[in-house]
Each structure stands twice: as C-alpha cells, then as structure tokens.
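So you know, we letter chains A, B, ... as the sequences are listed, proteins then strands, and number each from 1.
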2 protein chains.
Amino acid sequence: MSGKRSLIRSGTTVDQMVRAIGDRIVTGYLRPGEKLDETSLAARFDVSRTPVREALGQLSAMGLVERRPNRGAIVAVVTQEHLASIFESMAELEAICARFSAERMTSNERRRLEIEHQASARMVQLGAKEDYEYFNHEFHSRLYRGAHNTHIHDLTVMTRSRLAPFRRAQFMLPGRLAKSWQEHDLIVTAIMRGDSVAAGKAARDHVSIVSEASAVFAADDRKPIRRDVA
Amino acid sequence: MSGKRSLIRSGTTVDQMVRAIGDRIVTGYLRPGEKLDETSLAARFDVSRTPVREALGQLSAMGLVERRPNRGAIVAVVTQEHLASIFESMAELEAICARFSAERMTSNERRRLEIEHQASARMVQLGAKEDYEYFNHEFHSRLYRGAHNTHIHDLTVMTRSRLAPFRRAQFMLPGRLAKSWQEHDLIVTAIMRGDSVAAGKAARDHVSIVSEASAVFAADDRKPIRRDVA
DNA sequence: CTGGAGGCAATTGCATGCACTTTTTGCCTT
DNA sequence: AAGGCAAAAAGTGCATGCAATTGCCTCCAG
C-alpha cells in the first residue's frame, strides 16, 4: 500500500476501522444483511486486510456484525423479535439510569440537564429535527452518565448503538418531536424532585413509545440494498 | 509451526483462542493486570500471533482485556469502584430477569426451576461447595433464559462473566451456602406465584449480598502474580 | 428440464516478515 | 552513587503470501 490514509481521526488503524465501519452500520449507511467483504473494505480504506479483519472481529464481538466462518461477514441482521428484545432492554436500562440519576445526580448535573432540556424546547418550536436529534442524544447521554455507574453506562451506550439504525427516522413521524419533549419533561421533573420511581417509569415509557414509533419504519428496513461500500 | 493443536474444541483458531484466553481470565487463572504477551500466547497454543491478536482484540471489545496501543494487552484490571458498579448492574439485571421470569416463564420452565432448586438443597446439606456452585450457575442461567428476552440475556451473561473472577470464592464464607439457598428460595417462590415485584426485589437483594460476600475476597485479589501463561 | 458431480474463481484464515514504538540495559557524566 | 542518555532488545502493528474452504458455473446423466 502507498498513500498514508489521512482524514479519519487518530488511534491505531484497527480502531479507525472499527469506528469507520461501526459508524456506517450505526448510521444505517450499511444496511443489515449487507456483505462486508474484507478485500473491498481494505481497498476502500487503503489499508491491508489485517486491520479490517480485526475490526470485523471486534464489531462481531459487539454484535454489530455477524460472522460466518469461512463465509464472510455481514452487517448483523436482527429479527423483528430480537429487535423487540433490544428495545425492551433499552427501556429497562434507561429506567435504571433515570432512577439512579434521580438519586445521584450532583446539583451541577441536574442544573445542566434542566438547562439543556429547556434549550431543546426551542428546537421543537422550530421543528428543527436534526438539531433536536442532537439534543435528544445528549439528553439521554446525560441520564446515562448521571447514573454514576460506569458499567450500566457502557451497557446502555452499547445497546443504544445497536438500536441506532432502527430509530433514526423516529422524528419523521408528525408530532413526534413535541411528544418526545414532553416525555423528556416528565423525566426531568421527576429527577429534579428526586423521585426515582417516577423517573424510572417515565424513562421506560419514553423508550417504549420510541420503540413503537420506530417499529413503523423497521418494516421498511428489510431490503438489504447493495450499495458501494463506503 | 507444526503439529495440529488437538484438544480444545472446534471452531476457527481465533474462536478457540478467545475461549481459551477468556476462560483463563474468567476462571481467575490469569489474574487482573497480568500481561498478555502475544508471542508467548502464540507459542503456548502453538499458533501464530495473528489469531492471538484477533482474540485479544475481541476480548478487549468484551471488556475482559485491556489494550494499550503499542504497549501490549493485560487482563482487564477493575478498580474497586468499577467493580462495585458492575455488581450493582448485575443486581439490576438479575432483578429484571427475575421480574420477567415471574411474568413469562412457561409452566415447563417453572417446573424445572423448582425441581432443580429443590435438588440443590441436597448439595447444601452435604456442604458440597463445588456441586452447589454448578447448581447456582444453572439456577441463574435459568432466570436469564426465563426472561424471554435475548438481549437482556446476553447483557446479563456478559456481565456475569466479568464478575466471575471476583465471585469465585464466595461460597468459602461459612454459612454462605445455606444463605444462598434461602435467597434462591425467595426468588423461586415469588416466581412460582407470578409475583414479579417480589421476584425482582429478591433477586436484587441476592446479588447485593453476593457482592458484599465477594468484596471480602476482592481485597486479597490485588497481587497480579506473574505465573506461566497457560 | 432437473439434479448433481466436478472443476474454477473468489474469499477467508493463518503464518510470516518487516517497520516502528516502547522498554530495558549499560555506559558515561556529574 | 545517582541521574541521564543512547543503543540494543523486545514487542506491537500492519502488510503480504499461501493454503484451504466455499460458492459458482459448467457439463453431463437421467
């Protein structure tokens, strides 16, 4: 190989591959079921097959990629049933995070949560889906961190990444933006008054609704269209 | 390299390495902090460095191994704080599994759970720690499966494997065996009568107690003794 | 036309080689 | 004797090569 691959940020080549391929899966650019050819990927990213292979192995360990011995790797394909189980897990995990957050967030964390949440109200008014999506992501991350439990945090983030391809389109549903904000509001209120039970319930309900909203789109998502790899 | 490595069961070489190294970590044969030298491991298992590298990468993705770029891999070392967070997560996960189990187990599953649980009472009477440990493991696995949620199952099993090195010695504590059985009994009873709330609480409490029991030994566990790799 | 056997191309799996980074060792200076 | 520096040793990271497996295509028999 020749030219030093530029762009893509630091870390070892393997890490870059994990991020690069993982991103493409999580963002839905690579569809479930799509073939991940080592040679093409290597060529596409201008590296040898070795780091690509290692990356695929790690992604497989994370559940984003499915590997059939001697038969190549594909983007993990989840059955409707498995997807439901992930969503349900997500609801429970978020409930735990919210519950712990209500009990453990520092006053600083509570303040920030409230402020950012209020700020996101503006995005709703403007109907700025993209921006709200960002706020939404941040909002949930705050809950995960606010639980002050590293392992739960990791599990939750991991689970969220597995859902990412399926929940992307959720804010396309009319009125979903405002509803989402109101659901967040319930969570925030509960957390602010330290009501862990209410916070947990609100968070669980929130995810359940997202789950249903996403199910609408999941139906469309089962044509593993073959597109150029990258 | 020469002789076909025999023994260790099938799958690709990488999978074998993942299992072999993972087992040694989970069973405590390799201690947290211990260096995992690619070359030695490769020599020990009579394979080249490549599959060992891939295995280490996957184990790292699973959290069992820690990888410092250019500086080798070590068995993941968890701080007392992180360990506590894993135990706490475990308690929550088990609570979820027990709760779902109470709601969803088939009558067959309930029957088997009860039967095996009663059978394990005999191990307690005999003080057969090893045997009880096996029953214990099975018991919890039943709960995980009984939840009828693949993803929760996976998360829970994963989390359990991370705790394995630290909870090995729990049954060494005098009287722990009988106490453990009684705690199981609470869980079983609640599940049998479909009381999900009680089942969840009983499971959470059970793990919390194990957590404390293990903490006693965790203190001893911080001499990352260097022993021969395998 | 269907089903299957055989061979070929494509792709994976593992081994090896080389470059680069980190760590160690031994010498020199203060 | 302690500290620092430099060169060597060790070990990781990636590329490449080769054997083995799979999947496909063709061709032939029924």
In whole Å, I'd like the distance from the [atom1] atom of [X] to the [atom2] atom of [N].
{"X": "A:Arg49", "N": "C:dT11", "atom1": "CZ", "atom2": "P", "value": "10 Å"}
{"X": "B:Leu41", "N": "D:dA10", "atom1": "CG", "atom2": "P", "value": "18 Å"}
{"X": "A:Ile74", "N": "D:dG23", "atom1": "CD1", "atom2": "P", "value": "13 Å"}
{"X": "B:Gln16", "N": "C:dC14", "atom1": "CD", "atom2": "C1'", "value": "12 Å"}
{"X": "B:Leu36", "N": "D:dT12", "atom1": "CG", "atom2": "C1'", "value": "14 Å"}

> What are the residues of residues 51-69 of chain B, sorted by number, that bring a heavy atom to within less than 4.0 Å of DNA chain C?
Replying inline: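 Of all residues in residues 51-69 of chain B, the ones placing a heavy atom under 4.0 Å from DNA chain C are B:Pro51.
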>> Using heavy-atom distances to pick each residue's nearest nucleotide on DNA chain C, tell me which of A:Thr39 and B:Arg71 is more 5'.
In response: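 It is A:Thr39 whose nearest nucleotide is closer to the 5' end.
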So if I take every side-chain heavy atom of [X] and compare against [options], which nucleotide ends up nearest?
{"X": "A:Glu38", "options": "C:dG13, D:dA15, D:dT12", "value": "C:dG13"}
{"X": "B:Asp37", "options": "D:dT12, C:dA15, D:dA15", "value": "D:dT12"}
{"X": "A:Thr12", "options": "C:dC14, D:dT12, D:dC14", "value": "D:dC14"}
{"X": "B:Asn70", "options": "C:dA15, D:dC14, C:dT21", "value": "C:dT21"}

> Between the base of D:dT16 and the side chain of A:Thr50, is there any donor-acceptor pair under 3.5 Å?
Replying inline: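 Pair found.
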>> Run the side chain to side chain donor-acceptor pair (under 3.5 Å) test against A:Ser141 and tell me which residues pass, sequence neighbours left out.
In response: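 For A:Ser141, the residues satisfying side chain to side chain donor-acceptor pair (under 3.5 Å) (neighbours in sequence not counted) are A:Arg160.
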> Residues two or more places apart in sequence or in another chain: which of them pass side chain to side chain donor-acceptor pair (under 3.5 Å) with B:Arg71?
Replying inline: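 Scan of B:Arg71 (side chain to side chain donor-acceptor pair (under 3.5 Å), adjacent residues dropped) gives none.
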> Residues two or more places apart in sequence or in another chain: which of them pass salt bridge (charged side-chain N to carboxylate O under 4.0 Å, His left out) with B:Arg145?
Replying inline: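 Partners of B:Arg145 by the salt bridge (charged side-chain N to carboxylate O under 4.0 Å, His left out) criterion come out as none, since no residue qualifies.
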>> Test of understanding: with side-chain contact (heavy atoms from CB on, under 4.5 Å), list the residues that count as partners of B:Asp205, not counting sequence neighbours.
In response: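 Partners of B:Asp205 by the side-chain contact (heavy atoms from CB on, under 4.5 Å) criterion, ordered by chain and then number, come out as B:Lys201.
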>> Once salt bridge (Lys or Arg N to Asp or Glu O under 4.0 Å) is applied, what residue pairs with a partner in residues 86-101 of chain A remain, sequence neighbours excluded?
In response: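 Pairs touching residues 86-101 of chain A that pass the test: A:Glu88-B:Arg104, A:Glu92-A:Arg204, A:Glu92-B:Arg99, A:Arg99-B:Glu92.
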>> Has A:Asp131 got a side-chain atom pairing as donor or acceptor with A:Met123's backbone, closer than 3.5 angstrom?
In response: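 Side chain of A:Asp131 to backbone of A:Met123, a donor-acceptor pair under 3.5 Å: no, none is there.
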> Between A:Glu109 and A:Arg142, is there a side-chain N and carboxylate O pair less than 4.0 Å apart?
Replying inline: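 No, A:Glu109 and A:Arg142 are not salt-bridged.
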>> Would you say A:Thr13 places a side-chain N or O within less than 4.0 Å of OP1 or OP2 belonging to D:dC14?
In response: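 For D:dC14, OP1/OP2 do have a side-chain N/O of A:Thr13 under 4.0 Å.
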